[in-house]
Amino acid sequence: MATTASKLPKVAKGKKQEDVGQIPQWKLMVRRFSQSKLSVGALFVLGVMYVIMIFSDFLAPYPHDVLDSNNAFAPPTQIVWGPEGPGIYGLKQELDMERFQWIYTPDPSVIYPIRFFVQGHEYYFLGLFPSRLHLFGVEAPPEANARVFLWGADKEGRDLFSRVLKGSQISLTLGFFGVFLFVVIGSIVGTASGYFGGALDNLIQRLIELIRSFPDLPLYMALAAALPLNVPITVRYFLITVIIALVGWTGLAREVRGKVLAFRSADYTAAAIAAGASHWHIITRHLMPNAMSHIVVVGMLSIPGAIGLETALSFLGLGILPPAVSWGILLRDAQSVQAVVTYPWLLIPVILLIITVMSFNLLGDGVRDAVDPYA
Amino acid sequence: MDTAKKNGRSDEILLEVRGLKKHFPIHSGFLRRVTGYVKAVDGIDFYIKKGETLGLVGESGCGKSTTGRTILRLLDPTAGEIIFDDPNIGKVDLAKLSRAQLKRVRPNMQIIFQDPFSSLNPRLTVGQIVGEPLEIQKAASGQALRDRVAELLQEVGIRPENMTRYPHAFSGGQRQRIGIARALALNPKLIVCDEPVSALDVSIQAQVLNLLEDLQEKYNLTYLFIAHDLSVVEHISDRVAVMYVGYIVEMASTEDLYYHPKHPYTEALLAAIPKPDPRKRTRPIKLPGDVPNPANPPSGCYFHPRCRYAEDICKVERPPLRDIGGEHWVACHFAERLQLQGVTRLNEIPLIELPKRQAPVPAASPAS
Ligand SMILES: Nc1ncnc2c1ncn2[C@@H]1O[C@H](COP(=O)(O)OP(=O)(O)OP(=O)(O)O)[C@@H](O)[C@H]1O
Ligand code: SF4
Ligand SMILES: [Mg+2]
């Protein structure tokens, strides 16, 4: 007794591994997470993407939906250095009758300067504050065909850069909110099912089995196809979020139920009951905190799938509908090999989507490894 | 030691259990219909007097933990009465109390668990763990709570500075001490000790047993001490109850039970006491034959398939638990007739070596 008790304070503080009993679990998790360089890198990449998304309207020089037949499939614009700093040439549009394809030739006689912090089309920052301020824009008379396409233009002459930015507002958030919603539903239902058991549990389990007995993608498609078409984009966005959540919660609810069953029968829960704890105390003190790390991991690992799902639905014309734009819609332009070979910049949204999904996967892996800090 | 044990004991009964049953339903099929019952506890009677320790012994799976947990209403009994003499309310039948009513009685009956790992929530600090019962019962908060937790930790030999640490920082024995501190927090009268030392090293077992004995003396605690190891039970108990497949088959004072067993099962258990080899001491008792499945127990006396004294009546009639004189309770048709072999001297039982106690409990010293 004497030896064991006096041994304790000698444990060196601040040293890795040796102080595991002295700091909260979440700190251990952060420590473990930060040891995985790949996951930290992914977190950084995603951080940058989300910051860009927040400022996307400010960063986009043009509205995402203004058609411009003079610039159909215009390639990425060459930036030149003029007397007033960076600028661009105007473009001359010709039709190549043999290959039936637009050919653009720059006209070097005039350099139209690129200005920074210019006034342009109106947008609502964060959907709330009206603004016309944009990071950059080209100063050119309306009759000159001089627009800056950093990532080229699509078949309607819309600026791909502006469209990708605008699309990120949907693609980077919809899957996220869908997962958030199903994590909330799944956690509550799973906890109730596991903790209270009995008839409630039985009912919930049968319901989950029913939902899961449908194959996933057709179910999503059927639900999406049933959505009303003539509704504002915000309503459609919300409905698609709900679809993702409605189908997705079942898996999480099952896992949470399993965890809750285990924690409920743990002796520390019995000790709390023996002291007269309320259901609320037991759920919030012992069950939820212990299940939380698992919930977060499942949520994190579900985000890439949910982002992919939104993309897939939009790609198939069942998700976000034009004129609104998401990366799934941009992907439709890149579906023909011929278009991609001729206009390779159309692949940029695909690359961004891959980077996003991979980053979320790496982040999820890192979080998963980190939540078991004693391992 | 045995005379010392009798000090402070009275004949007043703190807890009396009558006809207690706990059956777990067995579900099967898609609709999870109930297809049978595990009769984990199947009609038991016993009582515990104030300030004494009743040992509850039996092979693994015979329903000891279920008994302990049902008494504390961690499980709801299927049938029976659990009459507890609450110091504030008087005698109450715990089996009939609602959740809200139970909350008032709960501070007086607490539990110590076998598994030092599952018994402490890894996400909470030691201070939060030990203070939780006080918090639940709103017995203390703020500085008063911290002071009380520090006091409790000192009581069990853990330095109060360790309050901010997590269970992971502690060894099995220390965790058991923390669990004991939690059980003490509300000043209980009765503590169910569910194999509190079975998971510990033999050397640590003795320390924890000593602690339990010291605490019992200091606070006049009453223990229901569950064990599958007769040597541990002999060491700490005033009386011993022997359980077999959800049924109490013999209950008597420790000496009576060990010297003069009246039930063939007890005799078999005594014969199976492990040799004084420390590595074998904590193993569960193994007897010839298998323990019956509590979902499908034998007819008549549950012990008859393994009993060498069994006669025809044993297959059909279940013997009731009856007092054959001198508070020696036996459930065997031939209790008076049989000449059974006990141990000849108690020190035949391999006692755990108790180290000399250091006068001040180390952690309570001002140095800490
Ligand atoms: N929650 C439960 N649901 C179904 N059956 C249970 C449950 N708890 C215990 N049992 C069964 O009841 C019987 C008695 O179990 P119990 O844990 O009380 O035994 P025990 O004497 O404490 O054994 P051990 O020495 O292994 O701790 C066992 O057959 C067990 O499988
Ligand atoms: S009642 Fe019969 S079977 Fe049961 S213990 Fe006694 S002698 Fe053995
Ligand atoms: Mg047990």
Side-chain angles (χ1 to χ4, degrees), chain A residues 1-11 13 17-29 197-199 201-203 205-206 209 262-282 284-293 371-375, chain B residues 31-32 69 72-74 99 102-107 109-111 113-115 117-125 128-129 132-137 157-159 161-162 164-171 173-174 177 179 182-183 185-186 192 194 204 207 210-211 355 358 361-363 367-368:
Chain A
M1 187 152 57
T3 49
T4 44
S6 55
K7 223 187 267 169
L8 282 172
K10 286 187 198 137
V11 177
K13 277 195 181 159
Q17 313 311 336
E18 281 177 28
D19 58 351
V20 284
Q22 302 177 48
I23 57 177
Q25 268 197 348
W26 66 268
K27 277 193 187 166
L28 290 176
M29 292 176 190
D201 182 35
N202 228 329
L203 187 78
Q205 292 314 304
R206 297 297 89 78
E209 272 159 27
F263 300 137
R264 189 187 68 166
S265 59
D267 287 343
Y268 52 76
T269 307
I273 299 172
S278 62
H279 295 306
W280 180 250
H281 177 97
I282 290 163
T284 55
R285 174 68 68 86
H286 295 293
L287 308 186
M288 277 308 214
N290 277 302
M292 195 50 81
S293 54
V371 293
D372 198 7
Y374 299 135
Chain B
L31 292 170
R32 320 230 333 109
R69 285 170 190 248
L72 297 185
R73 283 291 304 269
L74 298 175
R99 217 184 144 85
L102 270 174
K103 190 170 176 179
R104 290 183 59 202
V105 187
R106 288 201 180 283
M109 27 176 233
Q110 292 289 300
I111 180 165
F113 300 94
Q114 171 174 7
D115 181 358
F117 290 87
S118 147
S119 62
L120 309 180
N121 187 339
R123 307 223 160 213
L124 302 181
T125 62
Q128 288 170 316
I129 290 169
E132 188 181 18
L134 297 161
E135 201 186 311
I136 290 170
Q137 289 284 344
I158 300 279
R159 288 163 175 263
E161 303 92 278
N162 290 322
T164 56
R165 293 188 168 198
Y166 290 81
H168 209 75
F170 300 90
S171 67
Q174 290 167 326
R177 287 167 188 273
R182 172 177 61 196
L186 295 169
V192 172
D194 189 354
I204 317 268
Q207 297 172 1
N210 277 344
L211 174 67
Q358 288 95 353
V361 181
S368 58

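These numbers were taken from a predicted model, which means no experiment stands behind them. Sequence lines set the chain letters: A, B, ... in the order given, protein chains first and strands last, and positions in each chain run from 1.
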On a heavy-atom basis, the closest approach of B:Pro122 and A:Tyr268 is CD-CE2, 4.0 Å
Under 4.5 Å from any heavy atom of chain A - which part of B:Leu124: side chain
If you compare all heavy atoms of A:Ala272 against all heavy atoms of B:Glu132, which two are closest, and at what distance to 0.1 Å? CB-OE2, 3.7 Å
So which part of A:His281 gets closer than 4.5 Å to some heavy atom of chain B, the side chain, the backbone, both or neither? side chain
Interface moiety of B:Arg69 toward chain A, non-hydrogen atoms closer than 4.5 Å: side chain
Taking every heavy atom of B:Arg99 against every heavy atom of A:His279, the minimum-distance pair comes out as NH1-CE1, 3.3 Å
Walk me through it: do B:Arg73 and A:Ile273 pass the test side-chain contact (heavy atoms from CB on, under 4.5 Å)? CA-CA 9 Å; B:Arg73 283 291 304 269; A:Ile273 299 172; over 6 Å; no
Working note: B:Arg123 + A:Met292, criterion side-chain contact (heavy atoms from CB on, under 4.5 Å); need CA distance, chi angles, decisive distance, verdict. CA-CA 11 Å; B:Arg123 307 223 160 213; A:Met292 195 50 81; 5.8 Å; no
Would you compute the distance between atom CD1 of A:Ile282 and atom CD1 of B:Ile136 and round it to the nearest 0.5 angstrom? 7.0 Å
Pick from B:Ser119, B:Gly179, B:Ala183 with the largest number of heavy-atom pairs that fall under 4.5 Å of chain A: B:Ser119
Please identify, among B:Glu135, B:Arg104, B:Met109, the residue contributing the most non-hydrogen atom pairs under 4.5 Å to chain A. B:Glu135
Residue part contacting chain A, namely of B:Leu120, when any heavy atom lies under 4.5 Å: backbone
Mind ranking B:Leu74, B:Val192, B:Asn121 by heavy-atom pairs under 4.5 Å with chain A and telling me who comes out on top? B:Asn121
